[in-house]
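This report concerns only the one structure given below.
In what follows, every chain begins at residue 1, and chains take the letters A, B, ... in the order their sequences are listed.
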Amino acid sequence: MKKNNFFQRVYDICLLIPEGRVTTYGAIAKYLSSPLSSRMVGWALNKCPESVPAHRVVNRIGMLSGKIHFTGINLMQQLLENEGISVYDNQVKDFDNVFWDPTKELCL
DNA sequence: GGTCTGACTAAAT
DNA sequence: GATTTAGCCAGAC
């Protein structure tokens, strides 16, 4: 058995996020059967490889709370805008419209 | 092996 | 209504 840790699951979910959509740490944590483990999700993404579109993961209010970990301050925002997501002041516009819930989209 | 931290969330004050 | 604390779990020191 491999170390299918929290990390791998978080990465997997992040990779499942369709372009032009974003999700929240809580949603991912909830998908991991631990809605209270949202911190683990963010922390896992802290070490996320470039293969993981962590820029599509934001906090519950759609704020790019993790952009500070990205190379460059506007990188995360531009990545989202590149996918058609409107971002303003570190916060996703139409967040409710682009919100992608794994527990809902995958288990629907 | 105990302690701390960490890209969050929600309740309490 | 805004700020603070508490809770969660897993890795790093």
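Within the 4.0 angstrom heavy-atom criterion, no nucleotide atom of any strand lies near A/Ala29. Contacts of A/Lys47 with the nucleic acid, taken as non-hydrogen atoms under 4.0 Å apart, involve only primed sugar atoms and P, OP1 or OP2. Across all strands, A/Asn59 comes closer than 4.0 Å only to sugar-phosphate atoms, never to a base (heavy-atom distances).
Classification of the A/Phe95-A/Phe99 ring pair by plane angle, with boundaries at 30° and 60°, yields tilted.
A side-chain contact (heavy atoms from CB on, under 4.5 Å) with A/Val98 is found for exactly one of A/Leu80, A/Val58, A/Val22, namely A/Val22.
An OP1 or OP2 oxygen of C/dA10 is reached within less than 4.0 angstrom by no side-chain nitrogen or oxygen of A/Arg39. Checking the phosphate oxygens (OP1, OP2) of B/dC8, a side-chain nitrogen or oxygen of A/Ser65 falls inside 4.0 Å.
With A/Thr24 contributing its side chain and A/Ala27 its backbone, the two residues share a donor-acceptor pair below 3.5 Å.
Of the candidates B/dA10, B/dG6, B/dA7, the closest approach to any side-chain atom of A/Met40 belongs to B/dG6. The side chain of A/Ala54 approaches B/dA7 more closely than any other nucleotide in the set C/dC9, C/dA12, B/dA7. Across C/dG11, C/dC8, B/dA7, the shortest atom-to-atom separation from the side chain of A/Ser37 is found for C/dC8. Of the candidates B/dA7, B/dA10, C/dC8, the closest approach to any side-chain atom of A/Leu36 belongs to C/dC8.
The pair A/Arg21-A/Glu105 fails the salt-bridge criterion, with no side-chain N (NZ, NE, NH1 or NH2) lying under 4.0 Å from an Asp/Glu carboxylate O.
Projected onto DNA chain B by closest heavy-atom contact, A/Trp43 and A/Thr24 fall at different nucleotides, the more 5' of which corresponds to A/Trp43.
The OH atom of A/Tyr31 sits 24 Å away from the P atom of C/dC8 (whole-angstrom rounding).
One can find a donor-acceptor pair under 3.5 Å joining the base of B/dC8 and the side-chain atoms of A/Ser38.
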